[in-house]
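See structure below.
This is a predicted model, so every value here is computed, not measured.
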Amino acid sequence: MIWVIGAVAVWLGAWALNVWLARGPATRARALLVPALFGLSLLVLWEGIVRGLGVPSVILPAPSAIFERIIVSLPILWGDFVQTFLKGALSGYVLGVAAGIAVALIADASDFLRRGVMPVGNFMAALPIIGIAPIMVMWFGFDWESKAAVVVVMVFFPILVNTVGGLAATDRMQRDLMRTYAAGYLPTLLKLRLPAAMPFIFNGLKIATTLALIGAIVAEFFGSPVRGMGFRISTEVGRLALDMVWAEIVVAALAGSAFYGAIALIETRVTFWHPSQRRG
Amino acid sequence: MRRSIPVLTIVALILGLWYLGAWGMNRQWALDQAARAEVTLSEAEIFVDTMSQDRPKLPAPHQVAVELWDTVAMKSPTSRRSLLFHGWITLSATLAGFAIGAVAGMLLAVGIVHNRAMDMSVMPWAIASQTIPILAIAPMIIVVLNSVGVSGLLPKALISAYLSFFPVVVGMVKGLRAPDAMQLDLLRTYNASASQGFWKLRLPASLPYLFASLKIAIAASLVGAIVGELPTGAVRGLGARLLAGSYYGQTVQIWSALIGAAVLAGLMVGAIGLMERQVLKRMGMAR
């Protein structure tokens, strides 16, 4: 019981500290400290409740047990990461993005096509495309190629819709200016319309990062070689080894956040001129 | 009419590509079968065969349509062979989860807007959680709840709720903060209380944002319900149809479940869009 009371006390203390910190002037340090404190206090609360109430590890392992498991099984986690993220998600992401932008450029060339592609693309982007996983496993086999194929289809539509929308973002005046410079289609595209579309394209790229990882993991539930994050999660769940499952989830969370962060970083470099990137 | 012609053209194009794909991908099987039976087929015979195989690599659109018609219209909705039955199982979990997630999300958003400590502590985590492949935990939730004796609708609904929760929080917070300083100042000159400010200004202003995120959330919660049906080898629901189809190589069944899920998603997003238009029109905010 002492564990539970202690943990709740720590959590309440951290919360009180956060209330006090939030009342002060908003500095960068506080903006980082407050959420970090909140997250840490949640971990302490979790640990305390699991230990204090003796929650069996088949229901909820303690954070310390998960951390231990991560340290012990680093080689397995790394192998799964390579299989699912580097081979499945990343290659699918690159192919899907390339295909989405290419089709968007084709659709953009004609007003008729654009008006047809946009509603269909929007509709497709809202569908549970993840369901094609069993079909792709059937077509491309159990290895990472089928996961990459699922990812390609999943990221294709958000990229397509955002790129087509972004290419329409320049106004008449800007395009007329390019015409007065005697710029043809290609210079206009490269120097005016693609740069102007970049904030939209990056929006699609960021949405697609999560979709890529989800697609690669869920596709492994439908069959996979004996490695990969989705495979490990589904088999270890079957053996009720939940600390291993949580270890995979931590890896997935880190990989997902790092992937998103990397795209966001490139975005600030590429679209530094956009109002949303302005600081201070 | 001017708006539907381009869309119909694209749809026709996709259907055409689908037929072409069915012909290309099923051809090899037709040829193999013919070689085994030691007969030679003309191109026309091959074409006919690729359009009517039992377990094609890619079923032709009309095969899926026939399967859909058989399992939706020709079977009683309570039968296990009816797609309506499976669709309803998934739909009920989706709607229950969506309701839980949307209500919880709105409540958290109100808390975040009105409490600065909560804003600074929770909001970064809510945003960061968007970058995490949350669906990875679905099997664990199902199995853990199963081991403590909870099964059926609730575990799936919880996954759906979790997936629809964060889009609603993020959208609603943005919406509640949409009124600008001028409008807030005007309310202050009226000596309005905090709760009046909430009910008369912030809440109405947040509705367009709320509806936009509800559309994302309901599509996400359908995905959650479908994935929630995979890990326990469930026998009911659209996800179970997908899984069973992939075990037994029943491609036509997979495709019909897929189309069923797509129609379900389309209907639900459409229903929210309809609600959005009605509500915004009544409030005089329709575009």
Side-chain angles (χ1 to χ4, degrees), chain A residues 15 18-23 26 30-31 34-35 37-39 58-60 112-117 119-120 123 126-128 130-135 137-139 206 209-210 213-214 216-218 221-223 229-230 233-234 237-238 240 242 245-246 248-249 252-253 255-257 259-261, chain B residues 2-3 5-11 13-14 25 57-58 115-125 128-140 142-144 147-148 215-216 219 222-223 226-227 230-231 238-239 242-243 245-246 249 251 254-255 257-258 261-262 264-266 269:
Chain A
W15 185 254
N18 268 349
V19 169
W20 179 77
L21 280 173
R23 216 172 278 150
R30 282 179 200 233
V34 172
L37 210 56
F38 178 72
V58 292
I59 291 180
L60 188 67
F112 181 81
L113 272 182
R114 185 166 59 235
R115 275 186 291 142
V117 161
V120 174
F123 179 71
L127 296 183
I130 196 80
I132 62 164
I135 297 164
V137 171
M138 223 171 263
W139 286 359
K206 286 197 280 190
T209 53
T210 328
L213 212 44
I214 286 179
I217 290 177
V218 173
F221 296 162
F222 285 97
M229 290 151 89
I233 288 172
S234 56
V237 148
L240 289 178
L242 285 199
V245 179
W246 277 103
E248 288 287 351
I249 289 169
S257 307
F259 194 8
Y260 185 93
Chain B
R2 264 197 76 237
R3 289 180 54 185
I5 288 179
V7 176
L8 289 177
T9 313
I10 296 290
V11 171
L13 201 69
I14 292 174
M25 296 186 70
K57 270 189 120 173
L58 174 62
N115 182 331
R116 201 170 142 67
M118 214 158 155
D119 175 26
M120 287 181 77
S121 326
V122 182
M123 204 53 193
W125 291 105
S129 75
Q130 305 268 309
T131 66
I132 298 169
I134 291 165
L135 272 182
I137 64 168
M140 191 177 57
I142 299 282
V143 169
V144 166
S147 74
V148 294
K215 279 190 216 165
I216 298 171
L222 179 66
V223 173
I226 290 176
V227 173
L230 301 180
L238 292 176
L242 286 179
L243 201 59
S246 95
T251 31
I254 298 181
W255 279 91
L258 210 53
L264 211 54
V269 173

[Y] side chain reached by [X] side chain, heavy atoms, under 4.5 Å:
| X | Y | value |
| --- | --- | --- |
| A/Val120 | B/Ile14 | yes |
| B/Leu58 | A/Trp139 | yes |
| A/Ile249 | B/Met140 | yes |
| A/Tyr260 | B/Gln130 | no |
| A/Phe123 | B/Val269 | no |

With only heavy atoms counted, which part of [X] is less than 4.5 Å from chain B, the side chain, the backbone, both or neither?
| X | result |
| --- | --- |
| A/Val245 | side chain |
| A/Arg30 | both |
| A/Val19 | both |
| A/Leu240 | side chain |

Just jot down the side chain to side chain contact (heavy atoms under 4.5 Å, CB included) partners of B/Pro124, sequence neighbours excluded, or say none. A/Pro35
Could you work out, with side-chain hydrogen bond (donor to acceptor under 3.5 Å, both in side chains) as the rule, every residue matching A/Ser257, not counting sequence neighbours? B/Thr131
Which atoms of B/Ile10 come close to chain A, meaning under 4.5 Å heavy atom to heavy atom: side chain ones, backbone ones, both, or neither? side chain
Inter-residue atom distance A/Asn18.CG - B/Asp119.CG, 0.5 Å rounding: 11.5 Å
What residue in [options] has the most heavy-atom pairs under 4.5 Å with chain A?
| options | result |
| --- | --- |
| B/Arg116, B/Lys215, B/Met123 | B/Arg116 |
| B/Val11, B/Val122, B/Asn115, B/Ile132 | B/Ile132 |
| B/Leu135, B/Ile216, B/Leu258 | B/Leu258 |

Side chain to side chain contact (heavy atoms under 4.5 Å, CB included) evaluation trace for B/Trp255 with A/Ile135: CA-CA 8 Å; B/Trp255 279 91; A/Ile135 297 164; 3.5 Å; yes
